[in-house]
Amino acid sequence: MKRESRTVDRSHQIESPSPRHLPLVDLLVDTRAELMELAVASGLRVLTTMLEDDRTAICGVRYQHQAERHASRAGTVPSEVVLGGRKVAIRRPRVRASGEEVQLPTFAVMAAEDPLNRRVVEQMLVGVATRQYARSLEPLPSTMTTRGVSKSAVSRRFVAKTAAQLDAWRSTSLDALDLVALLIDGVHIGEHCIVVALGIDHTGRKHALGLWDGSTENAAVCQSLLADLQSRGLRTDRSLFVILDGSKALHKAVTQTFGQAALIQRCHVHKLRNILEHLPEGQRAWVRAIVVRAYKQTDVATARRLLQDLARRLEDRYPSAAASVREGLEETLAVLTLGLSDRLRQSLATTNAIESLISRTRHVKRNVKRWRGGQMVLRWTAAAVLEAVKGFRRLKGHKDMLKLVAALRARDPQLGIAVSVENVA
C-alpha cells in the first residue's frame, strides 16, 4: 500500500520571537560588585533626597521669599552615616538658625551609634573575630570612604555595648515577676566562677535573673547573688521551689536567704552521676536501673523504699556509693511531694534548663584567647545569656504550672508563713 505524502505547511506557524536583551540588566548581572554599587548608590541618593526634604521643611522652599523664615541654608559639610555595619562618608546639608547648627531628623537617625554597636555585638556573638569583622560585611565600592571596621574600633564598640547591657540587666526590677521556681548554677571561665540564676514564673516562662562573679562557687558568692536578687524584688516571704545540682555552697546560701521557705530539689542527673562514680563499670547498669525507677515513681514512700533498699545492698561492698545514695535523699524526692504531672515533674527534677543556658556561654566565648579581668568575663557572660534569652521557650509541662503554684501556696500555712490575699488569689 502506497503511503501518503504528508507535507507540513509551515506558512501559518508563528515564528518564536528572538530573545530580547536589556542592556542595563546585562551590565548589572555581570558581577556582584556592580549590583552592590547600584544598591548603595541608589540608597545614598534616596538618603540625600530625604536630607534635602528635611532642610526644605525647616528653611522653606529654595529661592522663594518667606517673611517668617527662621533658618537658612548653609551649604554642605562632610559627615558619616551607618550603613551595613560600618560608617560611610557623605555630604550632609547644613541648616543654621540664630547662629547655631540645626540638626536634621533623618540624619540623627541614620548617624546613630546604637545600630552599629548592636551589629558589632551580634557579629561577635555568632563567632566573628574582631580581625575578621570587615570580611563578614557586604562589600562596598572601592571609591566609598568607610570607617569603624578596624580591630580596635570593633573591640571598643563591643565593650561599650556589652557594658551597657550588663548594667541595664543587673538593675532591672524583679517586682513584676511572679516566680515559683529558681535554678542556680555556676560556670568556670578562666580564673573566675560566674554564678547564674534562672527563674520560672507561674506560666512556665523562663527569666534570666542575674549573675555574680567569684573565684570559686562558694557560699559568699552565692549569697551575694541572692542578696542582689532580693534587693531587686525577689520575694523571700513565701515558698519557692529551688533546683540545685548538689553544691553545698549553693545549698547553704539558699538556706540562709530563704530559710524554710525554700523547697530544695536536688538534680536527678547530677545525683545519679555522683552515685555511679563510686561504682566499678560492671555494677553501674543495675544500680542505674533502680535509681531511675525510683525517680519515676509517683508515690514518695515507694521511691524512698527503693533507694533505701539500694543503699543497704551497696553497704558492704561499696560503702561510698551507699553513702551517696543516702546523702540528700529527701531533697531528691522533693518534686514527688507536689502531685505534679509526669511531664512537669521531669522538667523540675533536673537543672537542664539552666545547663542549657550556660552551654550557650561556652559557645559564645570560644574565640576569646585571654581573659583580662572579671569585668570582661561578666560582660561576655551577660551578652551570651541575653542572646540565649531570645530563644527561650516555656518549660515543658507548663500547662500544669497551676498545680505547682497551688502546692507551694498550700505549703505556706504549714510553715507558719503569713498568706496574703494576693497569694490566696
Side-chain angles (χ1 to χ4, degrees), residues 22-124 128 130-165:
L22 299 178
L24 180 60
V25 175
D26 289 340
L27 292 175
L28 292 180
V29 300
D30 187 22
T31 61
R32 179 184 177 189
E34 291 177 352
L35 181 60
M36 181 58 64
E37 289 180 7
L38 175 67
V40 173
S42 301
L44 291 179
R45 185 172 298 178
V46 171
L47 175 61
T48 303
T49 303
M50 295 171 64
L51 294 176
E52 191 60 42
D53 290 343
D54 286 352
R55 182 159 70 170
T56 301
I58 298 174
C59 302
V61 181
R62 196 172 188 178
Y63 303 125
Q64 290 188 6
H65 176 72
Q66 293 183 3
E68 299 180 355
R69 189 191 301 270
H70 300 290
S72 60
R73 289 173 170 79
T76 60
V77 63
S79 302
E80 295 176 334
V81 294
V82 176
L83 176 65
R86 74 199 90 193
K87 286 189 173 183
V88 176
I90 64 168
R91 299 289 300 185
R92 171 177 59 87
R94 293 183 66 193
V95 176
R96 295 184 65 84
S98 303
E100 297 181 354
E101 192 82 15
V102 178
Q103 190 176 39
L104 301 179
T106 301
F107 178 78
V109 174
M110 297 300 296
E113 296 283 336
D114 187 65
L116 181 56
N117 294 345
R118 185 168 60 251
R119 176 66 178 272
V120 169
V121 173
E122 290 177 354
Q123 294 289 91
M124 299 281 284
V128 177
T130 54
R131 292 183 177 86
Q132 300 172 350
Y133 176 77
R135 292 177 54 190
S136 68
L137 304 177
E138 287 291 343
L140 294 182
S142 58
T143 58
M144 189 169 295
T145 304
T146 61
R147 194 169 64 87
V149 295
S150 65
K151 173 181 176 295
S152 58
V154 172
S155 178
R156 285 194 301 269
R157 294 189 181 280
F158 182 80
V159 170
K161 183 65 176 180
T162 53
Q165 286 181 343

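A quick note: this is a predicted structure, and the numbers were derived from the prediction, not measured.
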How about [X] and [Y]: do any of their side-chain heavy atoms sit closer than 4.5 Å?
X      : Y      : value
Phe107 : Asp54  : no
Val95  : Leu104 : yes
Thr106 : Asp53  : no
Asn117 : Val121 : no
Arg131 : Val154 : no
Pro78  : Arg91  : yes

Interatomic distance, Arg94 atom CZ to Thr76 atom OG1 [nearest 0.5 angstrom]: 9.0 Å
Minimum heavy-atom distance between [X] and [Y], given as atom pair plus value:
X      : Y     : result
Arg55  : Ala74 : NH1-N, 4.2 Å
Cys59  : Ser72 : SG-C, 3.7 Å
Ala71  : Ala97 : CB-CB, 3.9 Å
Val102 : Arg96 : CG2-C, 4.2 Å

Salt bridge (Lys or Arg N to Asp or Glu O under 4.0 Å) involving Arg147 - partner list, sequence neighbours excluded: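 Glu80.
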Salt bridge (charged side-chain N to carboxylate O under 4.0 Å, His left out) partners of residues 70-79, not counting sequence neighbours, each pair once: Glu52-Arg73
Partner of Tyr133 under side-chain contact (heavy atoms from CB on, under 4.5 Å), chosen from Arg157, Arg119, Lys151, Met124: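 Between Tyr133 and the candidates, side-chain contact (heavy atoms from CB on, under 4.5 Å) is satisfied uniquely by Arg119.
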Salt-bridge present (Glu101, Arg92; N to O < 4.0 Å): yes
side-chain contact (heavy atoms from CB on, under 4.5 Å) evaluation trace for Thr48 with Ile90: CA-CA 9 Å; Thr48 303; Ile90 64 168; over 6 Å; no
